[in-house]
Asker: 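Structure incoming, see below.
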Amino acid sequence: MNVIETLRERGFIEKTTHNDELVEYFDQGNITCYIGFDPTAQSLHIGSLVPIMSLAHIQKHGHRPIALVGGGTGLVGDPSGKTETRKLLTPEMVEHNARGIEKQLSRFIDFSKGKALILNNADWLTELKYIPFLRDIGRHFSVNRMIKAESYKMRLEGEEGLNFIEFNYMLLQAYDFLNLFDTYGCRLQMGGSDQWGNIISGIELIRKMRRETVFGITFPLITTSSGVKMGKTVAGAVWLDSERTSPYEYYQYWINTDDNDVIRFLALYTFLPMDEIRDVEKLEDDDLNSAKTVLAFEATQLVHGRQEAVKAYHAAASMFGARIVSERIMPTSTIPRDKADFDDISVPNSFFDLKQIQAGIPAFKLFHFVGLTPSGSAATRLIKQGGAYINNNRIDSTEYMINENDLNNKEILLRAGKKRFHKIKIRC
RNA sequence: GGUGGGGUUCCCGAGUGGUUAAAGGGAACAGACUGUAAAUCUGUCGGCAAAGCCUUCGGAGGUUCAAAUCCUCCCCCCACCA
């Protein structure tokens with residue numbers, strides 16, 4: 001099966017340029033394509049997972065993906081589809097972030113022996129000379145056309161405006177494509193739907209300057225059924241870096257997937273075969289939750305490795321009750337399906353001295369201290385509303401003092417609401 | 001450079017001297033119902049050991065018993081003109 005068909009079937013493709021030629025191009029085998037990643041943070045988040053997975057699929061089909069870290073373009077800032085001007089990053093920050101991103105990408109894509117390349121456009125963009133660039137590249141761009149581009153529309157019509165540095169972004173990205181075409185024979189650029197304008201400009205530049213046909217694919221913007229952008233939570237983005245989002249939290253994010261999103265997400269965010277994923281259609285109640293468990297496990301395993309995924313799975317089972325995933329639900333998944341001793345080492349926890357506990361700590365202070373609530377006031381409110389629990393017993397007084405009587409097997413389990421847990425352990 | 005319009009609590013957005021921790025909506029959180037889902041209903045939604053006190057309306061000063069609201073200077077954004 002051609003990769004394009006695989007990607008289309010799994011929901012990765014929003015738009016392509018010249019579709020038929022593109023399929024033919026892939027049929028030649030061992031083609032080269034690229035996606036740019038902006039180094040705006042030192043970690044990628046769930047929002048980048050679609051581009052990453054698509055590169056991984058393409059590599060599995062025997063082609064050569066290029067991950068282009070935008071060390072150069074990150075110094076300019078892409079205004080596409082953004083309502084606000086990006087804060088400018090310092091070269092040091094960009095460099096630092098680029099390293100973090102490289103590390104994360106290599107979990108999904110095999111960069112050994114030239115099977116995939118990771119490049120940084122700072123290598124060529126920072127060398128550019130202004131006047132030659134304007135004469136060679138700039139003259140191929142029509143401002144009349146650029147200002148009509150959808151990607152600039154929001155900014156031209158909105159309140160924020162568009163400044164000149166950002167206006168140049170499109171030229172730089174087009175130049176990247178030209179450069180990768182010249183150097184690596186790369187004929188396909190992919191990106192989010194907001195990248196359409198930038199991708200097209202690269203395709204046109206190559207046609208004008210090299211008289212060659214190259215291609216573009218955009219991915220749909222993935223939102224949850226309730227319309228929220230993928231990976232956005234109150235606490236901020238869900239990161240791929242375990243320092244920023246622990247594997248347990250990451251797993252929990254996926255387990256909380258809306259019923260209506262399970263199939264779509266399994267297709268996009270796991271490598272499980274489509275015929276198994278389609279069977280989820282028939283599942284309901286407990287079985288549907290099992291499917292979510294598989295989704296969470298597989299997604300966590302991809303980013304954090306099997307060991308962390310198993311830990312997160314066990315921790316969740318110990319808190320929420322074990323659920324054995326039946327063999328008939330997505331048999332290809334490597335999720336553990338037997339009864340095991342569920343440990344909970346991945347549940348967020350902190351250590352206290354026995355003395356501190358014996359001295360007594362007001363419950364609301366402790367909830368605040370371990371981070372279950374953002375302030376003491378919020379903790380007090382939580383208790384008033386009946387949402388605070390110790391060892392699964394509701395706290396009924398805001399005055400409640402926690403002391404050694406609350407110790408249960410040398411631990412105290414704090415719970416805020418239905419699903420946020422924290423364990424207090426005694427330091428030995 | 002000129003003229004006009006703006007900057008309010010997480011977001012949008014009311015508020016032009018006191019009853020304003022600041023309307024309304026959204027988001028979020030809790031409870032009920034459930035399946036760690038959605039929908040619905042109810043409540044909460046600046047901080048603080050808290051019937052009180054403290055901090056907040058772009059920033060810094062000032063007037064006043066009292067300022068998000070009035071005055072001065074500064075910063076930032078937008079539109080039109082140049």
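In what follows, every chain begins at residue 1, and chains take the letters A, B, ... in the order their sequences are listed. All of these numbers come straight from a predicted model, not from anything done at the bench.
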Asker: Classify the angle between the aromatic ring planes of A/F164 and A/F167 as parallel (below 30°), tilted (30 to 60°) or perpendicular (above 60°).
Answerer: tilted
Asker: Which nucleotide, if any, forms a Watson-Crick or G-U wobble pair with B/A79, using both distances under 3.5 Å?
Answerer: B/U3
Asker: Could you tell me which nucleotide pairs with B/U34 by Watson-Crick or G-U wobble geometry, both distances under 3.5 Å, or answer none if nothing does?
Answerer: none
Asker: Flag this pair as yes if the NZ/CZ of A/K425 is under 6.0 angstrom from the six-membered ring centre of A/F352 and inside a 45 degree cone about the axis; otherwise no.
Answerer: no
Asker: Give A/A316 one of three labels, base, sugar-phosphate or nothing, depending on what nucleic acid heavy atoms sit under 4.0 Å from its own.
Answerer: base
Asker: Please give, in whole Å, the distance from B/A50 C1' to A/H368 NE2?
Answerer: 15 Å
Asker: Starting from C1' on B/G35, measure out to CG on A/N289 and report it in whole angstrom.
Answerer: 5 Å
Asker: Considering every strand shown, what is the Watson-Crick or G-U wobble mate of B/C57 when both distances are under 3.5 Å?
Answerer: none
Asker: When all nucleic acid strands are considered with a 4.0 Å heavy-atom cut-off, which category describes A/S225: base, sugar-phosphate, or nothing?
Answerer: nothing
Asker: Expressed as a whole number of Å, how far does the C1' atom of B/A27 sit from that of B/U44?
Answerer: 14 Å
Asker: When all nucleic acid strands are considered with a 4.0 Å heavy-atom cut-off, which category describes A/Q252: base, sugar-phosphate, or nothing?
Answerer: base
Asker: Please give the distance between the P atoms of B/U8 and B/C57 as a whole number of Å.
Answerer: 11 Å
Asker: Checking all strands, does A/K292 fall into the base, sugar-phosphate, or nothing category for heavy-atom contacts under 4.0 angstrom?
Answerer: base
Asker: Round to the nearest Å and state the distance from A/N256 atom CG to B/U34 atom P.
Answerer: 19 Å
Asker: So, for A/W254 and A/F297, is the gap between ring centers shorter than 6.0 Å?
Answerer: no
Asker: Under 4.0 angstrom, heavy atoms only, what part of the nucleic acid is A/I255 near: base, sugar-phosphate, or nothing?
Answerer: base
Asker: Specify the separation, in whole Å, of atom CG of A/D286 and atom C1' of B/U34.
Answerer: 12 Å
Asker: Give a yes-or-no answer on whether the side chains of A/Q173 and A/T73 include a donor-acceptor pair shorter than 3.5 Å.
Answerer: no
Asker: NZ of A/K365 versus P of B/G47: gap in Å, rounded?
Answerer: 14 Å
Asker: When the P atoms of B/A37 and B/A28 are compared, how many Å lie between them, rounded to an integer?
Answerer: 13 Å
Asker: Just how far is it from atom OG of A/S193 to atom CD1 of A/I217, taken to the nearest 0.5 Å?
Answerer: 14.0 Å
Asker: If the cut-off is 4.0 Å, is A/R420 near the phosphate of B/A30, judged by side-chain N/O to OP1 or OP2?
Answerer: yes
Asker: Counting any heavy atom closer than 4.0 Å, what does A/S375 reach on the DNA or RNA strands: base, sugar-phosphate only, or nothing?
Answerer: sugar-phosphate
Asker: My understanding is that only one of A/D258, A/V280, A/D259, A/N256 makes a side chain to side chain contact (heavy atoms under 4.5 Å, CB included) with A/K292; could you say which?
Answerer: A/D259
Asker: Within the pair A/R381 and B/G47, is there a side-chain N or O less than 4.0 Å away from OP1 or OP2?
Answerer: yes
Asker: In whole angstrom, give me the gap between the P atoms of B/C10 and B/C81.
Answerer: 37 Å
Asker: Taking atom P in both B/A39 and B/C54, compute the distance separating them and give it to the nearest angstrom.
Answerer: 42 Å
Asker: Taking only the C1' atom of each, what is the distance from B/A68 to B/C80 in whole angstrom?
Answerer: 29 Å
Asker: For the pair made of CZ in A/F364 and P in B/G47, what is the distance, rounded to whole Å?
Answerer: 13 Å
Asker: Please compare A/G417 and A/Y251 by the position of their nearest nucleotide in RNA chain B and report the one closer to 5'.
Answerer: A/G417
Asker: Give the nucleotide from the list B/A50, B/G35, B/U34 with an atom nearest to the side chain of A/T380.
Answerer: B/A50
Asker: When the P atoms of B/G52 and B/A21 are compared, how many Å lie between them, rounded to an integer?
Answerer: 12 Å
Asker: Can you tell me, in whole Å, how much space there is between the C1' of B/A22 and that of B/U69?
Answerer: 12 Å
Asker: Round to a whole Å and report the spacing from CG of A/D258 to P of B/G35.
Answerer: 16 Å
Asker: With a 4.0 Å limit, can you tell me whether A/Y389 has a side-chain N or O closer than that to the phosphate oxygens OP1/OP2 of B/G31?
Answerer: yes
Asker: I want to check one thing: is the phosphate of B/C48, taken as OP1 and OP2, less than 4.0 Å away from some side-chain N or O of A/S377?
Answerer: yes
Asker: Ring of A/F351, cation from A/R427 - is the NZ or CZ under 6.0 Å from the centre and inside 45° of the axis?
Answerer: no
Asker: Can you check whether any acceptor in the base of B/G31 is under 3.5 Å from a donor in the side chain of A/Q385, or vice versa?
Answerer: no
Asker: Do any side-chain nitrogens or oxygens of A/K419 fall under 4.0 Å of OP1 or OP2 in B/A30?
Answerer: no
Asker: Nearest 0.5 angstrom please: A/I118 CD1 to A/F111 CZ, how far?
Answerer: 4.0 Å
Asker: Pick the closest RNA chain B nucleotide for A/F320 and for A/R394 by heavy atoms, then say which residue is nearer the 5' end.
Answerer: A/R394
Asker: If I take atom CZ in residue A/F367 and atom C1' in nucleotide B/C29, what distance separates them, rounded to the nearest angstrom?
Answerer: 14 Å
